[in-house]
Amino acid sequence: TPEEGLAGSGTVSGNGVYGRFAVSASELSCSGAVGTSSACDGAVTVTATNGSVVLGSTLFSITGVDASAFSIGNETPDACSAGQTLHTGESCTLGPITFSPTKVGTHSATITVTPEKGQAGSASLSGDGYTYGWKAGEWNAWDSTCSASATRTRDVYCERSDGTMVADDKCDAASRPVDSETAEIL
């Protein structure tokens with residue numbers, strides 16, 4: 001009633017604005033041996049940047065030529081989940097991310113996160129596949145001559161397919177070349 005305050009009626013209409021979000025894989029680093037699976041360092045982060053966002057029932061998809069080299073779990077402490085609501089400034093993560101390279105070289109894919117309403121967001125995934133093998137240097141000179149105990153040595157190290165020297169545990173220990181030998185007297 002007019003004596004108690006303002007009264008009236010009206011209609012509100014307009015186009016709904018859906019919250020916006022960003023998908024980031026900027027801290028993600030993936031590499032591993034061809035034919036194996038390894039966890040990437042980092043995760044994919046989803047952050048609401050303007051308004052509230054409800055994550056879709058199909059939380060994400062991975063597409064691209066090398067999509068099968070990447071898989072994403074949901075075991076992180078702040079894991080994203082289907083139907084989850086993020087308000088401005090809130091984040092969740094997709095991870096851990098597992099990289100399973102199928103070839104030597106760079107693997108690329110795109111992860112797309114889809115909200116219930118509004119525009120999807122995406123980020124690039126990239127990882128490097130390697131093989132590992134032993135490299136043996138030239139033999140050094142014998143440490144003595146005319147002796148049954150004469151020995152010589154050489155450097156043996158594990159090398160990644162891009163030429164980088166890596167820890168020996170990356171290579172197969174059973175196939176490691178010998179790094180020293182003793183002379184045999186005939």
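Since the model is a prediction, treat every value here as computed from it, not as a measurement.
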| Value rounded to 0.5 Å, distance of OG1 in T153 from CG in D143 | 8.5 Å

| request: Heavy atoms only: give me the nearest L28-A43 pair and the separation to one decimal. | output: CD1-N, 3.9 Å

| request: Measure the spacing between CG of N50 and NE2 of H87 and express it to the nearest 0.5 Å. | output: 13.5 Å

| query | If you take all heavy atoms of Y132 and R160, which pair is closest and at what distance? | reply | CE2-CG, 3.5 Å

| query | What distance do S61 atom OG and I72 atom CD1 have between them, rounded to the nearest 0.5 Å? | reply | 9.5 Å

| query | Could you go step by step and tell me if W139 and E181 meet the side chain to side chain contact (heavy atoms under 4.5 Å, CB included) rule? | reply | CA-CA 10 Å; W139 286 107; E181 63 182 3; 4.0 Å; yes

| Does R20 offer a backbone N or O that forms a donor-acceptor pair with the side chain of T49 under 3.5 Å? | yes

| query | What distance separates E138 CD from R152 CZ, expressed to the nearest 0.5 Å? | reply | 10.0 Å

| message | In the structure I gave you, are the side-chain heavy atoms of S122 and T110 within less than 4.5 Å of one another anywhere? | response | yes

| Atom of D168, atom of C158 and distance for their closest heavy-atom approach | OD1-N, 3.6 Å

| task | Could you check whether the rings of H107 and F99 sit parallel, tilted or perpendicular, using 30° and 60° as the cut-offs? | result | perpendicular

| said: Minimum heavy-atom separation for R154 and V178, please, with both atom names. | reply: NE-O, 2.9 Å

| I62-V44 co-clustered via ILVMFWY side chain contacts under 4.5 Å | yes

| field | Non-hydrogen side-chain atoms of V53 and V46 separated by less than 4.5 Å | value | no

| Taking a hydrophobic cluster as the set of Ile, Leu, Val, Met, Phe, Trp and Tyr residues connected by side-chain heavy atoms closer than 4.5 Å, whether directly or through intermediates, do L125 and Y130 fall within one such cluster? | no

| request: Specify the closest pair of heavy atoms between G56 and E116, including all atoms of both residues, with the distance to one decimal. | output: CA-OE2, 3.3 Å

| D128 side, atom CG; K103 side, atom NZ - distance, nearest 0.5 Å | 10.5 Å

| message | If you count heavy atoms of other groups shown closer than 6.0 angstrom to CG of N140, is the number above 12? | response | yes

| query | If you measure from CD on E90 to OG1 on T47, what distance do you get to the nearest 0.5 Å? | reply | 10.0 Å

| request: Would you check if the side chain of S100 reaches a backbone N or O of S37 as a donor-acceptor pair within less than 3.5 Å? | output: no

| said: Show, in sequence, the C-alpha distance, side-chain angles and deciding distance for T106 and S126, and conclude whether the side chain to side chain contact (heavy atoms under 4.5 Å, CB included) test is met. | reply: CA-CA 7 Å; T106 300; S126 180; 3.6 Å; yes

| task | Please assess I97 against I111 for the test side chain to side chain contact (heavy atoms under 4.5 Å, CB included), listing each intermediate value before the final yes or no. | result | CA-CA 11 Å; I97 298 174; I111 181 167; over 6 Å; no

| note | All heavy atoms of C92 vs all of A79, minimum pair found to be CB-C, 4.1 Å

| query | F70 and C30: side chain to side chain contact (heavy atoms under 4.5 Å, CB included), yes or no, with the steps? | reply | CA-CA 9 Å; F70 299 91; C30 303; 4.2 Å; yes

| field | Check: G51 main-chain N/O paired with T88 side-chain donor or acceptor under 3.5 Å | value | yes

